[in-house]
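A quick write-up on the structure given underneath.
Predicted model only: the values in this text are computed from it and were never measured. In what follows, chains carry the letters A, B, and so on, assigned in the order in which the sequence lines appear, proteins first and then strands, with residues in each chain numbered from 1.
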Amino acid sequence: MKSSLTIVLFFILGLLAGIYDLVPSFLANENLPTVLLCVLMVLAGMNTGSDKEAFYILKRINFRILLVPIFIIAGSLLGAAFVSFLMNDLSLKETIAVGAGMGYYSLSSVIISRLSGPQLGVVALLSNIFREILTLVYVPILVRYFGKLAGIASGGATAMDTTLPVIVKYSGSEYGIIAVFSGIVLTLLVPLLIPLILDFFIF
Amino acid sequence: MISLLVVILFFIGLLFGYLFRNNKKNRRIIDFGVNWAIYLLLFFLGISVGSKKEILESFSKIGLEAFVIALGTILGSVIMAFILYKWMFKKNE
């Protein structure tokens, strides 16, 4: 989620290097991305584990607020399952795995491309970028018709950072802490949900 | 099995992060590492997409699928959030 422009830039650089066959041979090593992903998972875990703000917010939650990320996950996965009938070359499992990215496109796309392949990785990258952009644009409308949790739901994992300002603007500052809590929980669950869906579910 | 490894490594990271949460310098190094690992992995994803003709040729179809999944997840989550809002949040306002 950090510096999304840089992330897209690196993807495009790679794309160009791939198209014009400009890949240096030391980067062509098959195992390099897998090793890098393993390093990333440890670092991403450390990043979340050392987040003091996260623990401060966790202390303030109650049952009602705890239900927010649970409902958002259920809704996201159900929504993805529902549209999977429109996909002619993606299975139910693959579509749900993309939906489980929760808008966290950087991490979800790299995990999915390692576990499933580059094609689904690109679907995850684009789909979760779209989720963030659509949230930024449509929060006012969603909040008007679906209540004050709508922006938090639509933003998914991004509700804790990139889409937080627009959520607070339209749902009110009292929903800011719920947005950050929900975003933290979803951010934490993305790297767990995707492997679970891709490898341990039988569809 | 990479997926199991991914989950286990993430938990190991969580534990270490929690144990060393008071070191500010560590946090900056971790942040730097996370960012560059993601940049490089997306660069690699770009390479593997760029060198596969069949993905490039179906890029508009892939984009459309991605868009539909985004719409599905947004609507699904927003409807569930609406149910929760009506049930537990609205009456308290």
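Contact count against chain B (heavy-atom pairs under 4.5 Å) is highest for A/Ser76 among A/Ala74, A/Gly79, A/Ser76. Ranked by heavy-atom pairs shorter than 4.5 Å toward chain B, the options A/Leu9, A/Leu32, A/Leu36 are led by A/Leu36. If you tally non-hydrogen atom pairs under 4.5 Å between each of B/Ser77, B/Gly72, B/Ser58 and chain A, the highest count goes to B/Ser77. Ranked by heavy-atom pairs shorter than 4.5 Å toward chain A, the options B/Ser51, B/Gly33, B/Gly50, B/Ala70 are led by B/Gly50. Of the residues considered (A/Pro33, A/Gly101, A/Gly156), A/Pro33 shows the highest number of contacts with chain B, using heavy-atom pairs under 4.5 Å. Considering only heavy-atom pairs separated by less than 4.5 Å from chain B, the leading option among A/Ile72, A/Leu198, A/Leu192 is A/Leu192. Between chain A and the options B/Leu71, B/Leu64, B/Leu41, B/Ile55, the largest number of non-hydrogen pairs under 4.5 Å is found for B/Leu41. Note on A/Leu188, A/Ile133, A/Leu22, A/Ile194: by heavy-atom pairs under 4.5 Å with chain B, the leading option is A/Leu188. The residue among B/Ile69, B/Asn22, B/Val7 with the most heavy atom pairs within less than 4.5 Å of chain A is B/Ile69.
Inter-residue side-chain proximity for B/Ile79 and A/Phe146 is flagged as met; some heavy-atom pair is nearer than 4.5 Å. Residues A/Phe10 and B/Trp36 meet the side-chain proximity criterion, which asks for heavy atoms closer than 4.5 Å. At a threshold of 4.5 Å between non-hydrogen side-chain atoms, the residues A/Met87 and B/Val68 count as touching. No side-chain heavy atom of A/Pro195 sits under 4.5 Å from any side-chain heavy atom of B/Leu4. Residues A/Phe71 and B/Trp87 have side chains in contact (heavy-atom distance under 4.5 Å, counting atoms from C-beta outward). The shortest side-chain heavy-atom distance between B/Met80 and A/Ile73 does not fall under the 4.5 Å cut-off. At least one side-chain heavy atom of B/Tyr39 sits under 4.5 Å from a side-chain heavy atom of A/Ile7. Proximity of A/Asp51 to B/Arg27: side-chain heavy atoms (C-beta onward) are separated by under 4.5 Å at one or more points.
Both the backbone and the side chain of B/Phe67 come within contact range of chain A, with heavy atoms under 4.5 Å apart. Looking at A/Asp89, the atoms closer than 4.5 Å to chain B (heavy atoms on both sides) sit in the backbone and in the side chain alike. For A/Leu86, the part lying under 4.5 angstrom from a heavy atom of chain B is the side chain only. For B/Lys52, the part lying under 4.5 angstrom from a heavy atom of chain A is the side chain only. Within the 4.5 angstrom heavy-atom criterion, only side-chain atoms of A/Leu115, from C-beta onward, approach chain B. For a residue to count as touching a neighbouring chain, one of its non-hydrogen atoms must lie under 4.5 Å from one of that chain's; by this rule A/Val123 touches chain B with backbone and side chain alike. With a threshold of 4.5 angstrom between heavy atoms, A/Leu142 approaches chain B through side-chain atoms but not through N, CA, C or O. Interface residue A/Phe63: only side-chain heavy atoms are found under 4.5 Å from chain B. There is no contact between B/Ile12 and chain A, counting heavy-atom distances below 4.5 Å. With a 4.5 angstrom heavy-atom cutoff, B/Leu56 touches chain A only via side-chain atoms. A/Val68 touches chain B through backbone and side chain together, each having a heavy atom under 4.5 Å away. Within the 4.5 angstrom heavy-atom criterion, no atom of A/Ile70 approaches chain B. In this structure, chain B has a heavy atom under 4.5 Å from the side chain of A/Thr34, while its backbone stays farther away.
Note that CE of B/Met88 is 8.5 Å distant from CG of A/Asn62, once rounded to the nearest 0.5 Å. Distance check: B/Ile38 CD1 to A/Leu37 CG gives 10.0 Å after rounding to the nearest 0.5 Å. Taking OH from B/Tyr85 and CZ from A/Arg64, the interatomic distance works out to 10.0 Å, rounded to the nearest 0.5 Å. Remark: A/Ile19 CD1 to B/Ile47 CD1 distance equals 11.5 Å, nearest 0.5 Å. We find the CG-CE distance between B/Leu5 and A/Met41 to be 9.5 Å, quoted to the nearest 0.5 Å.
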_Test side chain to side chain contact (heavy atoms under 4.5 Å, CB included) applied to A/Val42 and B/Phe10, step by step_ = CA-CA 5 Å; A/Val42 176; B/Phe10 185 66; over 6 Å; no

*Candidate pair A/Thr6 and B/Asn35, rule side chain to side chain contact (heavy atoms under 4.5 Å, CB included), full reasoning*: CA-CA 10 Å; A/Thr6 322; B/Asn35 283 341; over 6 Å; no

_Determine whether B/Phe89 and A/Tyr175 satisfy the following criterion, side chain to side chain contact (heavy atoms under 4.5 Å, CB included), listing intermediate values before the conclusion._
CA-CA 11 Å; B/Phe89 284 81; A/Tyr175 281 84; 4.0 Å; yes

*Run the numbers on A/Met46 and B/Tyr18 for side chain to side chain contact (heavy atoms under 4.5 Å, CB included), then give the verdict.*
CA-CA 7 Å; A/Met46 288 177 78; B/Tyr18 184 71; over 6 Å; no

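Judged by distance alone, the side chain of A/Arg131 and the main-chain N or O of B/Ile74 form no donor-acceptor pair under 3.5 Å.
The minimum heavy-atom distance between A/Ser109 and B/Leu42, with the atom names listed, is OG-CD2, 3.6 Å. Residues A/Thr48 and B/Leu14 approach most closely at CB-CD2, 3.8 Å, considering heavy atoms. The shortest heavy-atom contact between A/Leu43 and B/Ile30 is O-CG2, 3.4 Å. Across all their heavy atoms, A/Ser113 and B/Leu45 have their closest contact at CB-CD1, 3.4 Å. Residues B/Thr73 and A/Gly99 come closest through the heavy atom pair CG2-CA, 3.5 Å. Residues A/Phe130 and B/Gly63 come closest through the heavy atom pair CE1-O, 3.6 Å.
Judged by distance alone, the side chains of B/Lys61 and A/Asn88 never bring a donor and an acceptor atom under 3.5 Å apart.
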